[in-house]
There are 2 protein chains.
Amino acid sequence: MSKSPVVSSAALETPCCTPMAQQRIPAPAAATLAQAFKALGDPIRLQLMSMIASAPGGEICVCDLTPAFTISGTTISHHLKVLREAGLIDGERRASWVYYRPRPGLMRQLSTLLAVEESVTV
Amino acid sequence: MSKSPVVSSAALETPCCTPMAQQRIPAPAAATLAQAFKALGDPIRLQLMSMIASAPGGEICVCDLTPAFTISGTTISHHLKVLREAGLIDGERRASWVYYRPRPGLMRQLSTLLAVEESVTV
DNA sequence: TGTCAACCTCGACGCATGTCGAAATCACCG
DNA sequence: CGGTGATTTCGACATGCGTCGAGGTTGACA
């Protein structure tokens, strides 16, 4: 569960990250970062991510996630795996239930990457 | 060229956007936002986006984008269309060349959405 | 007007992805 | 030990997506 880091921890810990408006993203970094954006690029995964990130107590049970959607539990599980492998969340089994929590490190990198200077408003 | 706003301008101008760590994303907003994340979820598009966002003068010619990659100009054009339809960039033809510029509005929304409080560092 | 260069659209091709049901795994509990 | 509920894995299917070559459109220029 907590054992599926497809994205190397080195890549996750290395701050990529000046805003892309200030500096072009090098090709190697683009691969890892694009994987994270792709993981957020599905409406269901984006909602899952927001439910996990905003969970009171910092974590939430899959059993609380599943009933919020009409798709099958199988598919929810698949989407959670994609988020996990992108390095955005982490899961832990406790008793019969699995709890997911956000990994703020990568989220912060993505946020910084997209940051735009205040003055450049269009 | 500048006429392909698949994402309604209403959706683009409405600030979605409190950080997802503070508030769950409503389903309707998730669709538009996920489209933008998906557009960034390809290594080539992410690099294109960063080249456009960091272009000196605020814009860059397709003819300067294409030679930076090994894929065909057809495919570059396709990727630019995806970024355009997601509301992330805008293109304009001038003389024989087409210039692209970033649309900071949506980028800023995405950045805010991913923002994490300083203290929650893990 | 004809030609050339830049860029886009179209149609096609494989590969990736979202979805499901069935079956496996894990942990509790009687 | 056997049963039950929660979650993941597996296998299959349809759809979506990245890529290309061929051909079309636009604008410059002789």
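Just so it is clear, the values below take in all heavy atoms, side chains as well, and ignore hydrogens, waters and symmetry mates. The structure presented is a predicted model; accordingly, all values stated were derived computationally and were not measured. First the proteins, then the strands, lettered A, B, ... as listed; each starts at 1.
- Atom C1' of nucleotide D:dG18 and atom CG of B:L80 are separated by 14 Å, given to the nearest angstrom.
- A:S77 has a side-chain polar atom (N or O) that falls below the 4.0 Å cut-off from OP1 or OP2 of D:dT8.
- Atom-to-atom, NZ of A:K81 to P of C:dT19 comes out at 16 Å; the value is rounded to the nearest Å.
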For nucleotides 20-26 of chain D, print each protein N/O atom paired with a nucleotide N/O atom at under 3.5 Å, atom names and distance only.
residue : atom : partner : partner atom : Å
D:dC20  : OP2  : B:S72   : N            : 2.9
D:dC20  : OP2  : B:S72   : OG           : 3.0
D:dC20  : OP2  : B:T75   : OG1          : 2.8

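- Toward the 5′ end of DNA chain C lies the nearest nucleotide of B:I76, the other residue of the pair B:I76 and A:I44 mapping further downstream.
- For the pair A:W97 CH2 and D:dG5 P, the computed distance is 12 Å after rounding to whole Å.
- Remark: P of C:dT9 and NE2 of B:H79 are 15 Å apart, rounded to the nearest angstrom.
- With rounding to whole Å, B:R84 atom CZ is found 13 Å from C:dC7 atom P.
- One hydrophobic cluster, built from ILVMFWY side chains closer than 4.5 Å, cannot hold both B:V82 and A:L46; they sit in different ones.
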Residue pair B:Y99, B:R93: steps toward the side-chain hydrogen bond (donor to acceptor under 3.5 Å, both in side chains) verdict: CA-CA 6 Å; B:Y99 294 85; B:R93 173 155 224 147; over 6 Å; no
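- Remark: B:Y99 is not in phosphate contact with C:dA6, judged by side-chain N or O atoms under 4.0 Å from OP1 or OP2.
- When the side-chain hydrogen bond (donor to acceptor under 3.5 Å, both in side chains) test is applied to B:S72, the partners found at least two apart in sequence or on another chain are B:T75.
- Looking at B:S111, its side chain never comes within 3.5 Å of a backbone N or O of B:M107 through a donor-acceptor pair.
- At least one side-chain nitrogen or oxygen of B:Y100 sits closer than 4.0 Å to the OP1 or OP2 atom of C:dC8.
- The distance from atom CG of A:D42 to atom P of C:dA16 is 18 Å, rounded to the nearest whole Å.
- Counting any heavy atom pair closer than 4.0 Å across all strands shown, A:R94 reaches no nucleic acid atom.
- Between the side chain of B:T112 and the main chain of B:R108, a donor-acceptor pair closer than 3.5 Å is present.
- The stretch residues 50-67 of chain B comes close to DNA chain C through B:C61, B:V62, B:C63, each having a heavy atom under 4.0 Å from the strand.
- Here A:R24 pairs with nothing under the salt bridge (Lys or Arg N to Asp or Glu O under 4.0 Å) rule; sequence neighbours left out.
- Toward the 5′ end of DNA chain C lies the nearest nucleotide of A:V82, the other residue of the pair A:A95 and A:V82 mapping further downstream.
- Note: CZ (A:F69) to C1' (C:dT19) measures 15 Å, nearest angstrom.
- Pairs engaging residues 37-52 of chain B under the side chain to side chain donor-acceptor pair (under 3.5 Å) rule: B:R45-B:H79 [sequence neighbours left out].
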Stepwise side-chain contact (heavy atoms from CB on, under 4.5 Å) check, B:L88 with B:L110: CA-CA 10 Å; B:L88 288 164; B:L110 300 181; 4.3 Å; yes
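- Atom P of nucleotide D:dG16 and atom CD of B:E85 are separated by 15 Å, given to the nearest angstrom.
- Of the side-chain N and O atoms in B:K38, none sit less than 4.0 angstrom from OP1 or OP2 of D:dG16.
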Worked check of side-chain contact (heavy atoms from CB on, under 4.5 Å) between B:F37 and A:M49: CA-CA 13 Å; B:F37 281 124; A:M49 187 69 214; over 6 Å; no
Sequence neighbours left out, cut at 3.5 Å: what donor-acceptor pairs do the side chains of residues 56-67 of chain A make with other protein atoms?
residue : atom : partner : partner atom : Å
A:E59   : OE1  : A:R101  : NH2          : 2.8
A:E59   : OE2  : A:R94   : NH2          : 2.5
A:T66   : OG1  : A:V62   : O            : 3.0

